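Comments concern the structure below.
None of these values were measured; they are calculated from a predicted model. Note that the numbering runs from 1 along the sequence shown for the chain. Start at 1 and go down the list; that is how both ligands and their atoms are numbered.
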Amino acid sequence: MTEATLAHQWWKDAVFYQIYPRSFQDSNGDGRGDIPGIISRLDEIAALGVTALWLSPLYPSPDADNGYDISDYRGIDPRYGTLEDFDRLVAAAKERGIRVVMDLVINHTSDEHPWFQASRRREEPYADYYIWRPPRNLGDDSGDREPPNNWTGFFMGSAWEWDDVRQEFYLHLFDKKQPDLNYHNPAVIEEIKGILKFWLDRGVAGFRCDVISLLYKSSLEDGKPGAIRGLEHYKAQPGTHKILHELRHAVLDPYNAFTVGETVMVTLEEAKDLSDPGRGELDLVFYFDHLEVDRLVARYGPKPFRADTLLRRLTTWQRGLDWNALYLENHDQPRIVSHYGNDRHYWSRSAQMLAVLQLTLRGTPFIYQGQEIGMTNFDFTSLDQINDVESHNIDRLLRRRGVPYSLRWYLIKTASRDNARTPVQWDSSEHAGFTTGQPWLGVNANASWLNYAAQDGDPKSVLNFYRRLIRLRAASPTLRAGGFEPLIADRAVMAYRRTPTAGSTDPGYTVWLNFSDQTQRLKQPWLTSAMSDPEAGPTGAGPVHPPECVVSNTGRRRLDGCLLPWEAMVIRDGTATPWRGDAA
Ligand code: ISL
C-alpha cells in the first residue's frame, strides 16, 4: 500500500463525533446552535478523545429539512456564522488534533437554490439541472394532472410536485422543497467538483455524503409495489458508481479526502462495491440493518428486540466489509439508550453497555452529540412540539388514511428524528446551558440531572465511561482492527470475540453483553468455549497472566456464570505480559 494510501487511511484510527449544529451550542441567544458555540465547546469534544468531527449542514438553507435543503453550496448560513467563523473552527479543531468533515448533500438542492429558480424558468444552462417531466395523462380532460410515474418519496406521498412556472412535474425523493438534481447532465457533475474543491481548499478532511447511493436515476419507469416505490430504478445504480469514481479520481484523491456515504437501504453487496478500495468510490458506508432489529419498516413500527438478531446482522457487516462505519446514533435515529437500552430503570448501565457494543467492534466509531452523556429520546407529549418535516409528512399521510391520533402519535413518537435533535444538555441551568434565548426545539426536562456538567467530574458517569473506553480502544490494535467472531447469543445475551491482529502483542478479547432487565445465567458450554484457556496462553511460552476483565459497567471483574441486567464485560485473553492500560 503506498504512503499516500496509508496516510489517506487516517480514518481507520479515528473516532468521529457528529455535530448537528442547530442543537449543539448557541453563542448569541437566538435559540439555535452556531459555529462560535461549537468552537467554545472544542475542549469538551477533545476531552472525549475523538479525533474527527462530522458537521451536519451549515450551508444557507430555508430549513425545510433543517439544512439538508441547500440554497448555496459555497456559503455558511448567517444564523450559524460566517465563512471566517468556519475557518476559525477548522483551525481550532486542528490545534486539538481534530479533523473536520462536512456533510455533502448533492442528491438534491433546496427549491430556493438559484439553479432551481432558473431551471423552472427554463433558463440555460440550468433548464436540465433537475428531473422535469410532463404529466402522464396528456390527453385526459379531467383537469387532474397525473405524475409521470408512480414513485413515492422517503417522506411519503408522491415523489413528484407540479410546478406552475414550468408547467411540468419535478422529481423529489424527499420533501417537495428538495428537488433532485439530474445526474445525467455532465454540467451538474462539474458543479459538484467545484463545490468539493471549495471546501477541500478551506481545509476540510472529507465528506459525509448524504443519500449518495441515490444520485443516478437509470429509468423513470413505474416502480414495483413497496415501501418506497421506484427505488429499484435509482438505488446504487451503475451510473452512480461511475459518478463516485469520477469525483474520487478527479477531486478527492488529489486531496486525500475521506468519504463516508449514507446509503439508505443499502445491501451488503451494494456496500461492498461502493466501499471497495479497488473501485475508488467511497471509503466507508453507513448501513441501517443493525438499528432496525426491533422495527417493522425502517424506524417505524416497533416489534420485540432480540440480541441474537442484532448479533447476526452485525456479523454480516463485520465479516462482509473490510471496514465498518460504527454508529448507534445520528440526527435521524432515536437515542440508543431509549431505543435498545432501558432509559428508565437502568439508564446509566444500559447506556454504558451500548457504548461497549459500539466501541469493541471492528471499524471507525461515529459518536453522535449527547450520546456520550446518555441523552434520551425527547419528552414531548404532542405532535405540536415536533419540528421534523418527515414526522409531519407521515402524520399528514396517516391522517388522510383515517389513522386515529393516538396511533399516529405512538408511531411518530417512537421514530421521529426529533428524538435526536433536542438541544445538547450541558448543565442544569435554564435551557440546559444550550442557549440564553428560546430554544428552537424543546429541551428535555431530564436535563436537570442528565447533563455534561453533572458527569464531567464523576468517575462513574456515562461520560467518563466513554472517555475510558475510547482510550482503551486507542491502545488496543485488536479492538480497533482485530478480527470479529460471533460466539453466542439468545433473545437477551450476546458474546463475541475480537481476535489479535498479525504481529501484535495485544491478545484477543471476549465481549459479553446483556440486553435485558433480568440476570441471565450463562449456559456452561458458552463459558468453556468462549473463555480463553489461561493454561494455554497466547504462545505457550513463559508465565501467563490470566484472562482479566478490562471493561465492566457494574464493577464486577469476574464472569461467574451469569450477567446482571444490562451488564457488559470485556475479558482480555491470558497473556505473557501484564495489562498496563487503564480499565474502563
Ligand atoms: O433515517 C432514515 C432511514 O431510516 C430516513 O429518515 C432518512 O431520511 C434517510 O436515511 C436519508 O437521510 C439523509 O437525507 C435526508 C435528510 O432528511 C436526513 O437528515 C439525512 O440524514 C434528505 O437529505
Quiz item: Less than 3.5 Å between some nitrogen or oxygen of Q333 and one of ligand 1, yes or no?
Solution: no
With heavy atoms of [X] as the reference, note each atom of ligand 1 found under 4.0 Å away.
X: V211; value: 11 (C), 13 (C), 14 (O)
X: F155; value: 8 (O), 17 (O)
X: R417; value: 6 (O), 8 (O), 16 (C), 17 (O), 18 (C), 19 (O)
X: H108; value: 22 (C), 23 (O)
X: H331; value: 18 (C), 19 (O), 20 (C), 21 (O)

Quiz item: Taking only residues two or more places apart in sequence or in another chain, which ones pass side-chain hydrogen bond (donor to acceptor under 3.5 Å, both in side chains) with W199?
Solution: none
Quiz item: Got the closest protein heavy atom to atom 9 (C) of ligand 1, with its distance?
Solution: V264 CG1, 3.3 Å
Quiz prompt | Any side-chain donor near an acceptor of the partner, Y130 and H108, under 3.5 Å | solution = no
Quiz item: Taking only residues two or more places apart in sequence, or in another chain, which ones meet H233 in a side chain to side chain contact (heavy atoms under 4.5 Å, CB included)?
Solution: W151, S219, E221
Exercise. Rounded to the nearest 0.5 Å, what's the gap from OG1 on T376 to NE2 on H339? Could you check?
Key: 14.5 Å
Practice problem: Using a cut-off of 6.0 Å, state whether more than 12 heavy atoms not belonging to R399 lie near its atom CZ. | Solution: yes
